[in-house]
Amino acid sequence: MRIATFNVNGVNGRLPVLLRWLEETRPDAVCLQELKAPDAKFPAAALEKAGYGAVWHGQSRWNGVAILARGAEPVETRRCLPGKPDAQSRYIEAAVNGLLIGCLYLPNGNPAPGPKYAYKLDWFAQLQAHAADLLAQKLPVVLAGDFNVMPTDLDVYKPERWRDDALFRPEVREAYAQLLAQGWTDAIHKRHPKERIYTFWDYLRDAWTRDAGLRLDHLLLSPKLKRRLTGAGVDREIRGWEKASDHAPAWITLKD
DNA sequence: ATGCCGGGAGTATCCCGA
């Protein structure tokens, strides 16, 4: 089973790229972020035609998350983190093929410090609480999405330039480390512990051709799924396509 | 310190992203 996460940066503007990538790689489940579309404008018919059922949580202009399942309808279990309702569409969760999949788009948080950074840390704390609850239920869970965190120096093309950024400040790296310490496995790190692997290259400053990348998109596995992990990677070449997102899809494979 | 690019809304140019 192949599960991928892809920050599409506009699901409608990215539709040709998304459909081509789905056809070429045929993931069984996909987490999408940054739909940048209200619920009514989600391209459900085109995805259905491509063989994918979907659940989505949109928002006009910004944010927006969705879960796709090949040849199946995801069964939505929640569309925001527990607690107070979030005005921003950043979380959706669904059962797919015997797994629970949480799809998240963690706030960017810049500029830091400031209210956006405080919102990010608060959102991260709510995610930690929900993640702990999921682990306590001992279900097979994948938490996948754009975490907007580079976990370590290995995940940044030039760490010294990013020390004070909301994606790399000590508090957010610590929050990510605390999440892993609950018992989650960072699948890409697990399979490639010493490699520089990026999932994002800025549109600015020719970042793609310079390979000035960041690893921001992660797939975390609950203990039951850790034992089933057979592969993990990034579909880098998609970043070089015409009309590409600034993120490339990251994926894992699980044995049955 | 800022623009550099690009999507969306909307039709000029702003807001946002990371």
Side-chain angles (χ1 to χ4, degrees), chain A residues 5-21 31-43 46 56-66 86-91 103-121 123-124 127 144-173 175-176 196-218 234 236 238-250:
Chain A
T5 181
F6 187 12
N7 179 325
V8 288
N9 188 15
V11 72
N12 287 303
R14 204 71 56 219
L15 195 55
V17 165
L18 175 60
L19 293 174
R20 179 182 162 195
W21 168 73
C31 295
L32 299 178
Q33 301 85 35
E34 280 209 80
L35 303 178
K36 293 187 169 179
D39 280 340
K41 290 194 176 176
F42 183 79
W56 59 94
H57 184 188
Q59 180 181 334
S60 186
R61 290 176 185 244
W62 302 302
N63 310 316
V65 285
D86 195 339
Q88 305 185 14
S89 302
R90 294 184 176 276
Y91 190 79
C103 169
L104 65 107
Y105 175 46
L106 216 132
N108 173 305
N110 274 307
K116 289 188 174 183
Y117 190 60
Y119 175 68
K120 178 178 196 169
L121 295 178
W123 206 96
F124 219 140
L127 176 65
D146 179 356
F147 286 69
N148 268 317
V149 180
M150 297 87 89
T152 70
D153 281 8
L154 194 61
D155 306 307
V156 192
Y157 66 100
K158 194 175 279 193
E160 61 276 15
R161 289 278 176 88
W162 288 85
R163 297 281 176 217
D164 293 327
D165 192 276
L167 281 70
F168 201 51
R169 286 168 69 98
E171 300 89 355
V172 289
R173 283 187 283 130
Y176 187 82
R196 295 201 157 270
I197 296 182
Y198 303 139
T199 64
F200 167 89
W201 297 261
D202 206 313
Y203 289 122
L204 308 177
R205 298 175 289 269
D206 208 20
W208 168 240
T209 50
R210 293 190 297 121
D211 196 28
L214 309 171
R215 189 168 76 99
L216 304 179
D217 302 272
H218 311 301
V234 175
R236 269 180 67 103
I238 281 72
R239 181 62 182 82
W241 287 1
E242 198 80 22
K243 300 284 284 181
S245 169
D246 40 7
H247 294 250

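Just so you know, these numbers use all the heavy atoms, side chains as well, and skip hydrogens, waters and symmetry mates. In what follows, chains carry the letters A, B, and so on, assigned in the order in which the sequence lines appear, proteins first and then strands, with residues in each chain numbered from 1.
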Touch class at under 4.0 angstrom, heavy-atom based, for A:K116 against every strand present: sugar-phosphate
Ionic contact status for A:R173 with A:D155, cut-off 4.0 Å: no
Inter-nucleotide P distance (B:dT11, B:dG17), Å rounded: 23 Å
Residue pair A:P151 / A:Y176: nearest heavy atoms and the distance that separates them: CG-CE2, 3.5 Å
Rounded interatomic separation in angstrom, taking CG from A:N63 and C1' from B:dG17: 10 Å
Interface residues of residues 152-167 of chain A with DNA chain B (non-hydrogen, below 4.0 angstrom): A:L167
Side chain to side chain donor-acceptor pair (under 3.5 Å) evaluation trace for A:D217 with A:N7: CA-CA 8 Å; A:D217 302 272; A:N7 179 325; 5.1 Å; no
Footprint string (nucleotides 1-10 of chain B, 5' to 3'): B base within contact, S backbone only, - free, heavy atoms under 4.0 Å: --BBBSBSS-
Within 45° cone of A:Y105 ring axis and under 6.0 Å: A:R90 NZ or CZ: yes
Whole-angstrom distance between B:dG10 and B:dC15, as gauged at atom C1': 13 Å
Rounded distance in Å - CG (A:D246) to P (B:dC16): 17 Å
Cation-aromatic face contact A:R215/A:F200, 6.0 Å, 45 degrees: no
Same-atom distance (P) from B:dG3 to B:dG8, integer angstrom: 23 Å
Spacing of A:L106 atom CG relative to B:dG17 atom P, expressed in whole Å: 12 Å
Between B:dA1 and B:dT13 - C1' atom distance, rounded Å: 23 Å
Touch class at under 4.0 angstrom, heavy-atom based, for A:N7 against every strand present: sugar-phosphate
Close side-chain approach of A:W56 to A:V65, heavy-atom, < 4.5 Å: no
Minimum side-chain heavy-atom gap A:D165-A:N110 below 4.5 Å: yes
Distance between P atoms of B:dC14 and B:dC4 (Å, rounded): 13 Å
Short N-O contact, A:R239 and A:D211, less than 4.0 angstrom: no
Heavy atoms of other groups near A:D164 CG, more than 12 under 6.0 Å: no
Sugar-phosphate only, base, or nothing, as touched by A:Y105 at under 4.0 Å among non-hydrogen atoms: sugar-phosphate
